[in-house]
A.B. asks: 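Okay, here's the structure, questions in a sec.
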Amino acid sequence: MTHRVTPESTSSAPDSSFPEVAEPVLRRVQSTIISWFESAARDLPWRHPETSAWAVLVSEIMSQQTPVSRVEPRWREWMSVWPTPADLAAAPTAEVLQRWDRLGYPRRALRLQEAARVIAEQKDNTVPDTAEELEELPGIGSYTAAAVASFAHGRRTTVLDTNVRRVLIRLFGGRERPTTSPSRNETAWASGFVPEHDHVQWNAGVMEFGALVCTARNPDCAACPLQDICMWNQLGRPASATKPKTQKWAGTDRQLRGAIMDVLKTGHAAGADQSGVDIDLFTTSVTALDPDLLDSLDEPTAAALARVRELSTDAERISRLIGDLITDGLAQKDDRALTLPG
């Protein structure tokens, strides 16, 4: 389930953009989405009946702002190596970051390991089954807690990710897309659409519908079984007055920070006896570098380092990003050597 998680606003002022929905219309939408999901849902491994609650939790954390096509192979690998919270809790942090690979900012992997430790040590290695208990775990927000409680434990919750919000606001609100963050009013409004029965299918179905049909760009309105009652479609699919914010990648600190992490992960993969990468290799000009330092690197690590230098030769900027990685617990420095945390 590919999704982007956004923080919930604390605004409680009346909001006329969330209209009441007539009962017959709501019943039509609920039955249509649930029926559509039964026939059109992707065969994702974390949806299989035998999937553990831990596996569902891992899939939700991995899927934040990451396409399913990238998540699935990494999820399968993780579950084969760390099938329970206790397994991940006991894993070396460097190995966790190594296997996280390119699933987005790796701090999420650290938070997932922290949650695993709490589950293993305080919850008898069992993932909590209510959204309230799940939100008490490190790194678990309201969306993830509701999703895991619903998909893993069958609880009636309001699962409200970007896909769900977009479907509801188009169908019932007549707008192209929702606001950046859900308000309390929107959360309460959406909770009124969750049926008493088949609520798991509803939660998963609306999310899948937003991922496959009612997409952010180029929605397939011609194939939509609800186009005749979709308010946005009836209004002529008006474009939003404001353009969505897009996050640039090329040339950003995020790109360079990821390249630095690639050097550390590549060095770690080269062998357990790896002593780390000298910080001078990141920050000193090639002409001033001790050639023996470069010669000490294996070929893959040297190639990853060359990528960092291609992206930036600003030693101050690179030093700042290295400091950020250390502060976030994603790297550690021993004298002049930089490594993944132990």
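Every value quoted in this text rests on a predicted model; they were computed, and no experiment measured them.
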A.B. asks: Between H268 and E95, is a side-chain contact (heavy atoms from CB on, under 4.5 Å) present by the stated rule, with each step listed?
C.D. replies: CA-CA 8 Å; H268 175 78; E95 185 69 14; 3.7 Å; yes

A.B. asks: Can you check whether I279's main-chain N or O pairs, donor with acceptor, with T283's side chain at less than 3.5 Å?
C.D. replies: yes

A.B. asks: So if you build clusters from Ile, Leu, Val, Met, Phe, Trp, Tyr with side-chain heavy-atom gaps below 4.5 Å, do M231 and I169 land together?
C.D. replies: no

A.B. asks: Between atom OG1 of T93 and atom CG of L110, what is the distance when rounded to the nearest 0.5 Å?
C.D. replies: 6.5 Å

A.B. asks: Give, for atom CD of E72 and atom CZ of R42, the distance between the pair rounded to the nearest 0.5 Å.
C.D. replies: 9.5 Å

A.B. asks: Please report the interatomic distance CZ(R108) to OG(S63), rounded to the nearest 0.5 Å.
C.D. replies: 8.5 Å

A.B. asks: Taking 4.0 angstrom as the limit, do R111 and E114 come out as a salt bridge?
C.D. replies: yes

A.B. asks: Nearest heavy-atom pair of G192 and L26: which atoms, and what distance?
C.D. replies: O-CD2, 4.0 Å

A.B. asks: Short question: side chain of K265, backbone of D101 - any donor-acceptor pair under 3.5 Å?
C.D. replies: yes

A.B. asks: If only atom types and distance count, is the side chain of W75 paired as donor or acceptor with the main-chain N or O of A55 below 3.5 Å?
C.D. replies: yes

A.B. asks: Checking R257 against Y105: charged group under 6.0 Å from the ring centre and within 45 degrees of the axis?
C.D. replies: yes

A.B. asks: May I ask you to test the V148-D129 pair for a side-chain heavy-atom distance under 4.5 Å?
C.D. replies: no

A.B. asks: Do you know which two heavy atoms are closest between T157 and A146, and how far apart they sit?
C.D. replies: OG1-O, 2.9 Å

A.B. asks: Check whether any side-chain N or O of N125 sits under 3.5 Å from a backbone N or O of A86 as a donor-acceptor pair, and report yes or no.
C.D. replies: yes

A.B. asks: Can you confirm whether V308 sits close enough to D262 that some side-chain heavy atom of one is under 4.5 Å from a side-chain heavy atom of the other?
C.D. replies: no

A.B. asks: Under 3.5 Å, is there a donor on one side chain and an acceptor on the other for T179 and R165?
C.D. replies: yes

A.B. asks: Do other residues, nucleotides or ligands put more than 12 heavy atoms under 6.0 Å from the NE2 atom of H197?
C.D. replies: no

A.B. asks: Mind checking whether T126 and I119 have side chains closer than 4.5 Å, heavy atoms only?
C.D. replies: no

A.B. asks: Does any non-hydrogen side-chain atom of S285 lie less than 4.5 Å from one of T313?
C.D. replies: no

A.B. asks: Please report the closest heavy-atom contact between A190 and L160, naming both atoms and the distance.
C.D. replies: CB-CD1, 3.6 Å

A.B. asks: Judged by atom type as modelled, is there a donor-acceptor pair below 3.5 Å linking the side chain of Q98 to the main-chain atoms of A94?
C.D. replies: no

A.B. asks: Does E310, at its CD atom, have more than 12 non-hydrogen atoms belonging to other residues, nucleotides or ligands within less than 6.0 Å?
C.D. replies: yes

A.B. asks: Under 4.5 Å between any side-chain heavy atoms of R47 and E208, yes or no?
C.D. replies: yes

A.B. asks: Please name the pair of heavy atoms, one in I318 and one in S312, separated by the smallest distance, quoted to 0.1 Å.
C.D. replies: CD1-O, 3.6 Å

A.B. asks: What is the minimum heavy-atom distance between N233 and C221, and which atoms define it?
C.D. replies: OD1-CB, 4.4 Å

A.B. asks: So do D334 and T339 actually touch side chain to side chain, heavy atoms under 4.5 Å?
C.D. replies: no

A.B. asks: Are the side chain of R156 and the backbone N or O of V194 linked by a donor-acceptor pair below 3.5 Å?
C.D. replies: yes

A.B. asks: Only counting residues at least two apart or in another chain, list the ones meeting salt bridge (charged side-chain N to carboxylate O under 4.0 Å, His left out) with E132.
C.D. replies: none

A.B. asks: Is the backbone of T84 close enough, under 3.5 Å, to the side chain of D87 for a donor and an acceptor to pair up by distance?
C.D. replies: yes

A.B. asks: Quick one, Q332 and L338 - any side-chain contact, counting heavy atoms below 4.5 Å?
C.D. replies: no

A.B. asks: In plain terms, say whether D228 and R28 are close enough for a salt bridge, that is, a side-chain N and a carboxylate O under 4.0 Å apart.
C.D. replies: yes

A.B. asks: I'd like to check the salt bridge (charged side-chain N to carboxylate O under 4.0 Å, His left out) partners of E316; sequence neighbours left out, ordered by chain and number.
C.D. replies: none

A.B. asks: Mark yes or no for whether Q227, through its side chain, and A222, through its backbone, hold a donor-acceptor pair below 3.5 Å.
C.D. replies: yes

A.B. asks: If we ignore hydrogens and angles and just use 3.5 Å, is the side chain of Q113 paired with the main-chain N or O of L88 as donor and acceptor?
C.D. replies: yes

A.B. asks: Just do the side-chain contact (heavy atoms from CB on, under 4.5 Å) check on C214 and R170 with the steps written out, would you?
C.D. replies: CA-CA 9 Å; C214 195; R170 284 178 177 173; 3.2 Å; yes

A.B. asks: Decide, yes or no, whether a salt bridge links R237 with E176 under the criterion of side-chain N to carboxylate O below 4.0 Å.
C.D. replies: no

A.B. asks: I'd like to know if the side chain of T327 pairs up with that of D324 as donor and acceptor (distance under 3.5 Å, no hydrogens or angles considered).
C.D. replies: no

A.B. asks: In the single-linkage hydrophobic clustering (I, L, V, M, F, W, Y; side-chain heavy atoms under 4.5 Å), do W232 and F18 co-cluster?
C.D. replies: no

A.B. asks: Say whether T144 and Q64, considering side chains only, have a donor N or O and an acceptor N or O under 3.5 Å apart.
C.D. replies: yes

A.B. asks: To the closest 0.5 Å, what do you measure between CE (M79) and CD (E77)?
C.D. replies: 12.0 Å

A.B. asks: Under a 4.5 Å side-chain heavy-atom rule over Ile, Leu, Val, Met, Phe, Trp and Tyr, are L235 and V167 clustered together?
C.D. replies: no

A.B. asks: Under the 3.5 angstrom rule, does the side chain of T284 hit a backbone N or O of L281 as a donor-acceptor pair?
C.D. replies: no

A.B. asks: Which residues pass the salt bridge (charged side-chain N to carboxylate O under 4.0 Å, His left out) test with E133, not counting sequence neighbours?
C.D. replies: none

A.B. asks: Side chains of T32 and F37: closer than 4.5 Å at any heavy-atom pair?
C.D. replies: no

A.B. asks: Is the F172 ring parallel, tilted or perpendicular to the W189 ring (thresholds 30°, 60°)?
C.D. replies: perpendicular

A.B. asks: Can we call the ring centroids of W82 and W54 under 6.0 Å apart?
C.D. replies: no

A.B. asks: Run W46 and M62 through side-chain contact (heavy atoms from CB on, under 4.5 Å) and show every step you take.
C.D. replies: CA-CA 12 Å; W46 46 84; M62 286 186 168; over 6 Å; no

A.B. asks: Any salt bridge between D280 and R336, counting N to O under 4.0 Å?
C.D. replies: yes

A.B. asks: Ignoring hydrogens, what is the shortest heavy-atom contact between T301 and V277? Give both atom names and the distance.
C.D. replies: CG2-CG2, 4.3 Å

